[in-house]
There are 2 protein chains.
Amino acid sequence: MIGFIGLGRMGSGMAANLLRAGHDVVVFNRTAEKARVLVGQGAKGAESVGAACRGEVVVTMLADDRAVEQVAFGTDGILERLGKGAVHVSSSTISVALAERLAQAHAARGQRFVSAPVFGRPDAAAAGKLFIVAAGEDAALAAVSGLFEAMGQRTFVVSNRPAASNLVKLSGNFLIAAVVEGLGEAMALVEKGGIDRRQYLEILTSTLFGAPVYRTYGGLLAEAKFEPAGFAASLGHKDIRLALEAAEALRVPMPLASLVRDRFLALLAQGGERLDWSAIGMLATKDAGLG
Amino acid sequence: MIGFIGLGRMGSGMAANLLRAGHDVVVFNRTAEKARVLVGQGAKGAESVGAACRGEVVVTMLADDRAVEQVAFGTDGILERLGKGAVHVSSSTISVALAERLAQAHAARGQRFVSAPVFGRPDAAAAGKLFIVAAGEDAALAAVSGLFEAMGQRTFVVSNRPAASNLVKLSGNFLIAAVVEGLGEAMALVEKGGIDRRQYLEILTSTLFGAPVYRTYGGLLAEAKFEPAGFAASLGHKDIRLALEAAEALRVPMPLASLVRDRFLALLAQGGERLDWSAIGMLATKDAGLG
């Protein structure tokens, strides 16, 4: 029996893939409607967080630190209800500090903790094509490797310290935002020089920059298409803030990350909360007096 | 008869590919030794810049604005010696302003001008695998398209204004430097968090960042291997300066380009002139008190 807590755009696809792989899954979501969809696909519905913690594994896929803290440390929460030796798999993009706190709290209760954030947007979650970055003790990782196979196309084990995978995830989101900022500045420059953005992007992706990150985010910037948000600017801002918090704790100055953080603040200040996070890449265009 | 001026690490490979494709090539280089190698491969040697300008096309592949200005505007230079209707193909990475000046000066003398900077390091030049970004009038481009086929794997025509291709090239080099800065900061962060740089790079290039720019420069940063320089830091600095000059002329604020410029200044201040330009990516590591 696998518990699954958090059935948003990412979690619902991940839980559905666990069902499809033949696992018994019991789901919980704060708003019950989303759970009903999964129950229609064969999941059991749990009435509470605690009721989703009766099996050998519980997976959490929630929006932010606060949501994870509530379900983990709250009354009738995961810490209180999960059995000894059972594994909590946290796939949310949370802070390094919270991952460390969870690792300690679970260990103190004889529970096991695997931190396994993912790369991929909701379509990849639905298709079972996520990339999973996992960290934890070997035996705990071995116990959940079958779940990773059902939810992702590849799993990277980076450390036996769970929080290391959160550092990889946060730094990866920083690198995506850095690509968006670079592309945004370059596109503003060439556009003002009379060159078509789409042709420019084709040159980039046909030569040195032929990677999904350039195709995906370059396409959004070339079309200036930021709604509906695949990943909201407010969440992008949160991740850059968490990367900078980790950098501060580790004493790593990151001037480009600081610049990107300020771009997010400008975007949010100008009403961009619900736009896709790649909309930070249009600020250079605006600064240049275009569009 | 094709003239070829500038037989450095890039130009010697390009000229050799013109010979291999069956063209008559007359070569000139400021230091004569390098010309002798090409003469051994079947080229004619010219005694002067002017003597390399007797055919229907002359190609220049030189290090910077100053070198191009000398061979173009100097006594016995290209402007003075090239015939009416003949084409000057400039493949050097020069400023937008100089490309505009060359276009005007050639037009005033009834000569034609194509600006065709390239993407690719010396090994790509030798293998005929360059990417060529070309701009100029249609008839002039048509007259030299066979030469591009001999030197490159693909040609992108971006505009009939020659300087547009220089803007694409300079912005592309800015994007490479931006990737290096982002990777440098991210690698410093994860390394200080106990994660191996090589494994981190493998995660990146196996997922969203699977492009030559990440493999090439990420590899250099993971190994901290900056000698011998494939492209020297002093030249990288020059290109970022030229991108910022173009941005200033066009009124395009580029905060990330400004940050990268300062990284180059720091690297040069610390004695990095002869290192590969990707060594700017180690400054974050140094700032973090590592290595």
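All values reported here derive from a predicted model rather than from experimental measurement. In the text below, chain A, chain B and the rest are named by the order of the sequence lines, each starting its count at 1.
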Legend entry - Side chain to side chain, B/Glu185 and A/Pro253, heavy atoms closer than 4.5 Å: no
Inset, instruction - Side chain from CB out, backbone as N, CA, C, O: work out which of these in B/Ile195 comes under 4.5 Å of a heavy atom of chain A, or both, or neither. - result: side chain
Legend entry - Sub-4.5 Å side-chain heavy-atom contact between A/Tyr200 and B/Ser171: yes
Inset, instruction - Evaluate the side-chain proximity of A/Phe131 to B/Ile203: yes if any heavy-atom separation is below 4.5 Å, no if none is. - result: no
Inset, instruction - Select one option (side chain, backbone, both, neither) describing which atoms of A/Leu259 are under 4.5 Å from chain B's heavy atoms. - result: side chain
Legend entry - Pairwise distance OG1(B/Thr207) to CG(A/Leu130) - rounded to 0.5 angstrom: 11.5 Å
Legend entry - Under 4.5 Å from a heavy atom of chain A, the part of B/Ser206 involved: both
Legend entry - Straight-line distance of B/Leu175 CG to A/Met187 CE, nearest 0.5 Å: 9.0 Å
Legend entry - Region of B/Leu183 that comes under 4.5 Å of a non-hydrogen atom in chain A: both
Legend entry - Salt-bridge present (B/Glu202, A/Arg154; N to O < 4.0 Å): yes
Legend entry - Most chain B-contacting option - heavy-atom pairs closer than 4.5 Å, from A/Ala178, A/Gly182, A/Ala177: A/Gly182
Inset, instruction - Mark yes or no for whether A/Lys192, through its side chain, and B/Val252, through its backbone, hold a donor-acceptor pair below 3.5 Å. - result: no
Inset, instruction - Rounded to the nearest 0.5 Å, what's the gap from OG on A/Ser159 to CD on B/Gln199? Could you check? - result: 9.0 Å
Inset, instruction - Please report the shortest heavy-atom distance between B/Arg161 and A/Gly194, naming the atom on each side. - result: NH2-CA, 3.9 Å
Inset, instruction - With a 4.5 angstrom heavy-atom cut-off, could you sort out which part of A/Phe209 is near chain B: side chain, backbone, both or neither? - result: both
Legend entry - Pairwise side-chain contact, A/Pro255 with B/Glu181, heavy-atom cut-off 4.5 Å (strictly under): yes
Legend entry - Largest heavy-atom contact set with chain A, pairs under 4.5 Å, which of B/Leu256, B/Val213, B/Thr205: B/Leu256
Legend entry - Neighbours of chain B found in residues 275-283 of chain A - heavy atoms under 4.5 Å: none
Legend entry - Heavy-atom contact with chain A under 4.5 Å, split by part of B/Val179: side chain
Inset, instruction - Pick one of side chain, backbone, both or neither for B/Leu189, based on which atoms fall under 4.5 Å of a heavy atom in chain A. - result: both
Legend entry - Part of A/Ala257 within contact of chain B (heavy atom distance under 4.5 Å): both
Legend entry - Shortest non-hydrogen contact between A/Leu208 and B/Ala211, atoms and distance: O-CB, 3.5 Å
Inset, instruction - Sort B/Ile176 into side chain, backbone, both or neither according to what part of it lies under 4.5 angstrom from a heavy atom of chain A. - result: both
